[in-house]
Amino acid sequence: MTVTVLMVAEKPILAESIAKILSNGKLQSRKGFNGACSVHEYSDNFLGKPARFKVTSTCGHVFGLDFPPKYNNWDRVDPVDLFSCATEKKEANPKLKMEKYLSTEAKGCDYLVLWLDCDKEGENICFEVIDCVQNSMNRGASMDVVFRAHFSAIADKEIKAAMKNLIKPNLNESLSVDARQELDLRVGCAFTRYQTRYFQDKYGDLDSTCISFGPCQTPTLSFCVKRHDQIVEFTPEPYWILQTTIDTPSGKTIKLDWSRERIFDRDVANVFLSRITGCSAVKLTSITSKESRKEKPTALNTVELLRVCSSSLGIGPAQAMQVAEHLYTHGYISYPRTETTAYPSSFDFNFVLKQLKNGQFDTVSQQIMNDGIQKPKSGEDKGDHPPITPMKENSGHLSGDQLRVYDYVTRHFLATIMKPCKYMVSTFKFTASTEVFTLQSRKVIDPGFTAVMTWQQVNEDESFSDFKEGAEYNIQKSQLDERKTSPPDYLTESELITLMERYGIGTDASIPVHIQNISARNYVTVESGRRLIPTKLGIALIHGYRKIDPELILPTMRSEIETLLNLIASGKQKHSTVTSHALEMFRQKFKFFVLNVAKIDALFEDSFTSLADSGKPFCRCGKCKRFMKLVQARPQRLYCPTCQETLTLPTGKDGSVRLHGEHKCPLDNFDLLYWAASGGKLSDSWSFCPFCYNNPPFEDMKKGSGCNNCTHPTCKHGMM
DNA sequence: GCAAGGTC
């Protein structure tokens with residue numbers, strides 16, 4: 001009897017590769033009903049029985065974590081409740097109908113083999129897949145019929161070995177991901193909602209539709225602000241260098257480098273100057289030559305691609321990933337999300353070189369094949385995907401950013417299998433009195449990989465071949481130059497990526513998102529040279545957190561959470577113990593933040609225009625201190641944001657609003673109370689305070705007098 | 001509307 005085995009990978013491309021390898025290329029493929037995934041079928045044996053294999057995939061996580069709908073009303077939910085309220089799993093991408101798709105494909109299957117990526121996220125997706133298929137498999141999805149393939153690379157040998165050594169999915173690793181999701185959700189949303197509401201409509205020039213906080217984005221912003229602070233706090237220090245010029249044999253004038261480089265004490269510098277002023281010439285005491293080399297790069301992974309795109313091509317990380325995805329889906333480059341910088345042992349360099357034969361790299365790839373492929377640098381195999389390499393030549397269809405990224409990927413690939421760049425450095429040592437000066441010249445012996453990575457070329461300096469050892473050369477001029485130390489420049493995107501990688505903030509796939517976030521939320525702007533300059537808002541926030549609780553912005557915050565989560569993954573602590581401990585810790589931090597938030601207010605007051613100077617109507621009831629909202633066109637209608645009931649205020653014959661309106665909300669335990677200014681005629685634009693509903697006549701607002709008789713007891717809920 | 005992590 002033939003059994004049916006369902007095998008599930010993390011992405012469509014992997015399902016295809018695995019099926020091709022295990023079926024030795026004999027497979028039938030069809031598109032799945034969700035349009036994104038495919039099913040690849042073949043026959044073989046499984047557990048000693050003849051078997052039909054169906055290989056398909058998810059597209060990353062099937063589910064994501066969120067709050068139940070009733071907790072998504074920012075006006076009705078106290079953010080502190082987000083630390084303890086219920087959470088629920090929702091389909092990560094409803095368009096893909098992934099749950100339905102997997103359960104449909106699982107119908108009639110006897111066994112499940114999980115081929116998800118071999119990291120904690122992959123382990124978590126294993127259990128998401130099990131959830132999806134357990135009701136439609138022949139005998140459910142108990143651990144007797146569920147297996148996990150553990151592979152360290154997507155290569156023939158590894159995949160076949162994994163199939164022969166199936167294990168079970170790791171529940172603890174999956175639970176550690178559940179814990180991360182819960183922590184990130186509760187902490188991020190609680191802080192974000194609270195501070196958004198707190199700062200909203202309080203300052204004249206603050207655009208505050210969303211003031212977010214997150215365990216990755218906030219430390220990311222903090223790096224940018226830290227550099228800003230270093231620049232602002234920098235005090236330039238004067239220093240002195242001894243500038244000495246000599247006459248060369250060929251009659252030119254040349255500047256020598258002083259071996260003491262620079263001196264920070266003027267008197268000391270003057271002592272050295274006085275030693276030289278007595279000399280009319282320097283003596284060339286030695287000429288030494290040494291071969292030097294510039295090493296070629298290791299194979300390309302995602303983070304390095306992002307760095308180069310930003311620093312050399314001026315393409316931001318999010319845009320770079322989008323371009324790389326396009327190049328990948330159109331067959332120009334290999335899978336662009338990988339941490340691996342080592343080529344698999346089976347990598348066919350000749351095949352790739354032949355693919356490039358008819359394009360602009362024809363000559364160089366031909367030459368590499370003739371000269372022999374040089375062994376690439378060792379790099380690191382993270383077991384995900386091979387490094388990013390070109391897959392075919394540019395047939396002339398690429399242009400703009402696509403062409404530039406493709407061009408870089410190709411040059412990087414070629415460079416990894418070329419020779420290092422070798423050059424000769426000649427050092428000329430001159431002495432005069434006690435002082436030593438040098439000159440250096442470089443001469444390229446073999447350009448090696450810099451023939452394709454032209455921006456890395458060694459600059460050949462002027463040749464000093466007419467200098468003779470032992471000869472003396474006239475000093476033309478010797479003087480002290482006063483200079484000042486200068487502050488560092490703003491952080492570049494590429495430096496930020498390096499810092500994030502070093503501190504484990506975000507992943508190769510999420511780093512671009514975090515950087516995009518801090519820009520979209522108006523915390524930084526991207527300036528020339530893709531330098532990240534923090535805005536007033538970004539600076540005030542980070543300085544504020546630093547005043548209240550510096551741990552909130554520590555670069556190590558993320559990795560410390562990871563350390564806690566790893567206790568779950570390694571089985572040393574229970575999921576519930578770690579989660580409740582970490583949540584309680586952040587709940588305390590949150591409460592402390594709320595108690596001390598006025599410290600940030602003080603910074604905002606320094607950075608932004610006050611209400612009074614803004615020229616916009618604001619509430620003067622004495623408690624709200626916020627802008628009033630302007631209601632256009634239908635001023636006489638109000639509605640309750642809790643139960644959505646609308647209320648039309650009665651108007652007199654002359655169109656003026658005379659009466660107080662009252663609304664008893666059946667869904668909430670307090671009543672909304674409205675009143676209109678007596679006798680005030682409502683114009684088309686009419687303002688009210690979203691916190692206490694204070695709504696003086698518009699005419700009065702324009703005069704700036706406001707209304708001072710607000711008595712509303714709750715000052716809590718907003719109205720539209 | 002909010003986080004961060006997968007992936008299309």
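Letters A, B, ... mirror the listed sequences (proteins, then strands); counts begin at 1.
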(request) Please work out if A:Y194 contacts a base, only the sugar-phosphate, or nothing of the nucleic acid, heavy-atom cut-off 4.0 Å. (result) nothing
(message) Can you confirm whether the side chains of A:T535 and A:N522 place a donor and an acceptor under 3.5 Å from each other?
(response) no
(request) Return the value, rounded to whole Å, for the distance between atom CG of A:L183 and atom C1' of B:dG5. (result) 14 Å
(message) Pairing donors with acceptors under 3.5 angstrom, does anything connect the side chains of A:H514 and A:T220?
(response) no
(message) Please tell me if A:R558 has a side-chain N or O lying less than 4.0 Å from either OP1 or OP2 of B:dG5.
(response) yes
(request) Using a heavy-atom cut-off of under 4.0 Å over every strand shown, decide if A:A190 touches base, sugar-phosphate, or nothing. (result) nothing
(request) Tell me which nucleotide among B:dG1, B:dT7, B:dA3 gets nearest to the side chain of A:R197. (result) B:dG1
(message) Using a 4.0 Å heavy-atom cut-off, does A:P79 contact any base of the nucleic acid, only the sugar-phosphate backbone, or nothing at all?
(response) nothing
(request) Say whether A:R337 and A:T302, considering side chains only, have a donor N or O and an acceptor N or O under 3.5 Å apart. (result) no
(message) Please verify the inter-ring angle class for A:F223 with A:Y503; under 30° counts as parallel, over 60° as perpendicular, anything in between as tilted.
(response) tilted
(message) Heavy atoms only, 4.0 Å cut-off, all strands: where does A:T329 land among base, sugar-phosphate and nothing?
(response) nothing
(message) Per the side-chain hydrogen bond (donor to acceptor under 3.5 Å, both in side chains) rule, what does the pair list look like for residues 167-176 of chain A, sequence neighbours excluded?
(response) A:N124-A:S174
(message) Please pick, from B:dG1, B:dG5, B:dA4, the nucleotide with the shortest atom-to-atom distance to any side-chain atom of A:T507.
(response) B:dG5
(message) Can you identify which nucleotide, out of B:dA4, B:dG6, B:dC2, has its nearest atom closest to the A:C189 side chain?
(response) B:dC2
(request) Mind calculating the distance between CZ (A:F63) and P (B:dA3) to the nearest angstrom? (result) 22 Å
(message) By the 4.0 Å heavy-atom rule, please label A:A36 as base, sugar-phosphate, or nothing.
(response) nothing
(request) Give the nucleotide from the list B:dA3, B:dG6, B:dC2 with an atom nearest to the side chain of A:W74. (result) B:dC2
(message) In this structure, how many angstroms lie between the P atom of B:dG5 and the CG atom of A:L65, rounded?
(response) 14 Å
(message) If I take atom OH in residue A:Y71 and atom P in nucleotide B:dG1, what distance separates them, rounded to the nearest angstrom?
(response) 19 Å
(message) With no hydrogens and no angle check, just 3.5 Å: does a side-chain donor-acceptor pair link A:Y71 and A:E88?
(response) no
(request) Measure the distance between the ring centre of A:F213 and the centre of the six-membered base ring of B:dA3, then answer whether it is under 5.5 Å with planes under 30°. (result) no
(request) Please state whether the phosphate of B:dA3, meaning OP1 or OP2, lies under 4.0 angstrom from any side-chain nitrogen or oxygen of A:H514. (result) no
(request) Please tell me which of A:G214 and A:D117 maps to the more 5' nucleotide of DNA chain B, matching each residue to the nucleotide holding its nearest heavy atom. (result) A:G214
(request) Using a heavy-atom cut-off of under 4.0 Å over every strand shown, decide if A:G64 touches base, sugar-phosphate, or nothing. (result) nothing
(request) Using whole Å, report how far CE of A:M98 lies from P of B:dG5. (result) 21 Å
(request) Would you check if A:C132 and A:M98 make a side-chain contact, meaning some heavy-atom pair closer than 4.5 Å? (result) no
(request) Report the relative orientation of the aromatic rings in A:Y335 and A:Y328; use parallel for angles under 30°, tilted for 30 to 60°, perpendicular for over 60°. (result) perpendicular
(message) Closest-nucleotide mapping onto DNA chain B: is A:R193 or A:E121 further toward the 5' terminus? I mean the 5' end.
(response) A:R193
(message) In this structure, how many angstroms lie between the P atom of B:dG6 and the CZ atom of A:R337, rounded?
(response) 9 Å
(message) Quick check for you: among B:dA4, B:dG1, B:dC2, whose closest atom lies nearest to any side-chain atom of A:T196?
(response) B:dG1
(request) Let me know the distance between CD of A:Q181 and P of B:dA4, rounded to the nearest Å. (result) 13 Å
(request) State which of B:dA4, B:dT7, B:dC2 makes the closest approach to the side chain of A:N517. (result) B:dA4
(message) Parallel, tilted or perpendicular, judged at 30° and 60°: which one describes the rings of A:Y332 and A:Y406?
(response) perpendicular
(message) What is the separation between atom CZ on A:R186 and atom C1' on B:dA4, rounded to the nearest whole Å?
(response) 15 Å
(message) Should the side chain of A:D66 and the base of B:dC2 be counted as holding a donor-acceptor pair, with the cut-off at 3.5 Å?
(response) yes
(request) Ignoring backbone atoms, establish whether A:R521 has a side-chain N or O less than 4.0 Å from OP1 or OP2 of B:dG1. (result) no
(message) I need the residues from residues 537-548 of chain A with at least one non-hydrogen atom less than 4.0 Å from DNA chain B; give them sorted by number, or say none.
(response) none
